[in-house]
Peer 1: 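This is the structure I have questions about; it appears just below.
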Amino acid sequence: MAEKLIESVINISEGQRPEVVASLAEIFRAGARLLDYSADYCHNRSVFTLVGDADALLETVFAAVSYAVANIDLRRHQGEHPRIGAVDVIPFIPLGGTRMTDCIDLARRLGERIGRELAIPVYLYQEAATRQERCNLSEVRRGQFEGLAAKMARPAWQPDFGPAEPHPSFGAVAIGARFFLVAYNINLAVNDVDQAKRIAKKIREADGGLAKVKALGFLVDGRAQVSINLTDYRQTGLLEVYRAVEQEAARLGIEIANSELIGLLPQRAILDVAAAALALPGLTKEQILEHWLD
């Protein structure tokens, strides 16, 4: 029987201490296949993409969370990106023939163990959520680390696992199961963060914009940035969201400087960009030379 592979894209609230990021990478390499990782100083956040079977990921991710408990203190953490925990979010994504239910089961097994052994509050989100209001990660993260104690005092926001109060230095963690997410940033040729926030509000689904698009505005390395999550690239693709930002920027009289991907994206997502830009609706991976060489 073929191995059931699962992808995990783990977001950790540390991007300013290279030694901590390197140690986390070694932990992930020891128990799974680490495909990619990057750290952002301004966001003070690192993102690790790894794959493995459910049991390997359970042990490896648990080891990384244990390391974070001892080495990351959110009471001293400052960064642009919203966060509720030292390990902020742990999503599981099914690959190949793996079912979403396998990822849900893994999320719940990991959450139960983290809550029980490390005394960290755990919220299950997206497909693993136990309550409707926790499906959306933005709602789970609302209020951030600083607002956790007040949030958790409300009955509706008691955690799924672990203690009913934040870990003093770690906070809490969101663990879920979901479809592929494309993390995509567009940098504007201005240093006015309000412009980025205005564009983000215009394009995101929550404010009447593009379907399956989340967006925030930040100031990163002195440049305004529209930080975007495409939660389903099949409904809104990279080219569509780029053109939407370009159009809104033009209305404000500003230009796009460049854009960047965070982590990995499915091949289909980039093929869709080429198909749309070149008017090639029938483009398939079988027409890519490297597909046959691989």
Peer 1: Are any of the side-chain nitrogens in Glu146 or Arg83 under 4.0 Å away from the carboxylate oxygens of its partner?
Peer 2: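 Yes, charged N to carboxylate O under 4.0 Å.
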
Peer 1: Do the side chains of Arg243 and Glu240 get close enough for a salt bridge, i.e. N-O under 4.0 angstrom?
Peer 2: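 Not counted as a salt bridge, because no side-chain N and carboxylate O are separated by less than 4.0 Å.
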
Peer 1: For Glu255, does the CD atom sit with more than 12 other heavy atoms under 6.0 Å from it, leaving out its own atoms?
Peer 2: no

Peer 1: For residues 256-268, run the donor-acceptor check on the side chains, cut-off 3.5 Å, and write out each pair with its distance to 0.1 Å, sequence neighbours left out.
Peer 2:
unit_1, atom_1, unit_2, atom_2, d
Asn258, OD1, Asn187, ND2, 2.7
Ser259, OG, Tyr184, OH, 3.1
Glu260, OE2, Asn185, ND2, 3.1
Glu260, OE2, Gln225, NE2, 3.3
Arg268, NE, Asp272, OD1, 2.8
Arg268, NH2, Asp272, OD1, 3.1
Arg268, NH2, Leu283, O, 3.3

Peer 1: Below 4.5 Å, heavy atoms only, C-beta onward: do Phe62 and Leu110 meet side chain to side chain?
Peer 2: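 Phe62 reaches Leu110 side chain to side chain.
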
Peer 1: Taking Asn191 for the side chain and Gly222 for the main chain, is one N or O donor matched with an acceptor at less than 3.5 Å?
Peer 2: no

Peer 1: Is it the case that atom CD in Glu286 sees more than 12 heavy atoms from other parts of the structure closer than 6.0 Å?
Peer 2: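 Count over threshold, so yes.
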
Peer 1: For Asp55, is there an ion pair with Arg109 - N to carboxylate O distance below 4.0 angstrom?
Peer 2: yes

Peer 1: Enter the distance from Arg198:CZ to Arg251:CZ here, rounded to the nearest 0.5 Å.
Peer 2: 12.5 Å

Peer 1: Is Glu165 atom CD crowded by more than 12 heavy atoms from other residues, nucleotides or ligands, each under 6.0 Å away?
Peer 2: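 For Glu165, atom CD is not crowded (no more than 12 foreign heavy atoms under 6.0 Å).
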
Peer 1: So, does Asp102 use its side chain to make a donor-acceptor pair with the main chain of Arg99 at under 3.5 Å?
Peer 2: yes

Peer 1: Short question: side chain of Arg134, backbone of Leu124 - any donor-acceptor pair under 3.5 Å?
Peer 2: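 Not at all, since once roles are kept as given, no pair shorter than 3.5 Å links the two residues.
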
Peer 1: Is the backbone of Arg75 close enough, under 3.5 Å, to the side chain of Asp73 for a donor and an acceptor to pair up by distance?
Peer 2: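 Yes, because the side chain of Asp73 sits within donor-acceptor range (under 3.5 Å) of the backbone of Arg75.
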
Peer 1: Please check: side-chain N/O of Ser227 versus main-chain N/O of Leu216, any donor-acceptor pairing under 3.5 Å?
Peer 2: no

Peer 1: Looking at Ser38, is its backbone amide N or carbonyl O close enough to the side chain of Ser46 to form a donor-acceptor pair, meaning the two atoms are under 3.5 Å apart?
Peer 2: no

Peer 1: Given 3.5 Å as the limit, does a donor-acceptor pair link the side chain of Gln158 with the main chain of Pro155, or not?
Peer 2: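 Not at all, since once roles are kept as given, no pair shorter than 3.5 Å links the two residues.
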
Peer 1: Are more than 12 heavy atoms from other residues, nucleotides or ligands located less than 6.0 Å from atom CZ of Arg154?
Peer 2: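 Yes, enclosed.
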
Peer 1: Looking only at non-hydrogen atoms, find the nearest pair between Cys42 and Val220 and report the distance.
Peer 2: CB-CG1, 4.0 Å

Peer 1: Without swapping roles, check the side chain of Thr236 against the backbone of Lys212 for a donor-acceptor pair under 3.5 Å.
Peer 2: no

Peer 1: Please assess Phe218 against His43 for the test ring-ring contact (aromatic ring centres under 6.0 Å, His included), listing each intermediate value before the final yes or no.
Peer 2: CA-CA 9 Å; Phe218 296 117; His43 284 246; 4.8 Å; yes

Peer 1: Measure across His77 and Asn44 and return the closest heavy-atom pair with its distance rounded to 0.1 Å.
Peer 2: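 Closest approach of His77 to Asn44, heavy atoms only: NE2-O, 3.0 Å.
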
Peer 1: Treating Arg33 as the side-chain partner and Gly52 as the backbone partner, does any N or O pair qualify as donor plus acceptor under 3.5 Å?
Peer 2: no

Peer 1: So which heavy atom on Ala172 is nearest to which on Ile120, and how close?
Peer 2: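 That closest heavy-atom pairing would be CA-CG2, 4.2 Å.
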
Peer 1: Give me the atom names and distance for the closest heavy-atom approach of Leu74 to Phe170.
Peer 2: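 Closest approach of Leu74 to Phe170, heavy atoms only: CD1-O, 3.6 Å.
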
Peer 1: Side-chain contact, heavy-atom cut-off 4.5 Å: His291 with Lys285?
Peer 2: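 In short, these two side chains touch, coming nearer than 4.5 Å.
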
Peer 1: Taking the side chain as every heavy atom from C-beta outward, state whether Val9 and Val47 have any atom pair closer than 4.5 Å.
Peer 2: yes

Peer 1: Just grab all the side-chain hydrogen bond (donor to acceptor under 3.5 Å, both in side chains) pairs involving residues 115-130, residues at least two apart or on different chains.
Peer 2: Glu112-Arg116, Arg113-Glu117, Thr130-Asp160

Peer 1: Counting only heavy atoms not in Gln132 (residues, nucleotides, ligands), do more than 12 fall under 6.0 Å from its CD?
Peer 2: no

Peer 1: At their closest point, which heavy atom of Pro163 faces which heavy atom of Met152, and how far apart are they?
Peer 2: O-CE, 3.7 Å

Peer 1: Do other residues, nucleotides or ligands put more than 12 heavy atoms under 6.0 Å from Lys151 NZ?
Peer 2: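 Yes, because the 6.0 Å sphere around NZ of Lys151 holds more than 12 heavy atoms from other groups.
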
Peer 1: Has the side chain of Gln16 got a donor or acceptor atom that lies under 3.5 Å from a matching backbone atom of Tyr41?
Peer 2: yes

Peer 1: Give me the atom names and distance for the closest heavy-atom approach of Pro121 to Gly171.
Peer 2: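 Scanning both residues, the minimum pair turns out to be CD-O, 3.3 Å.
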
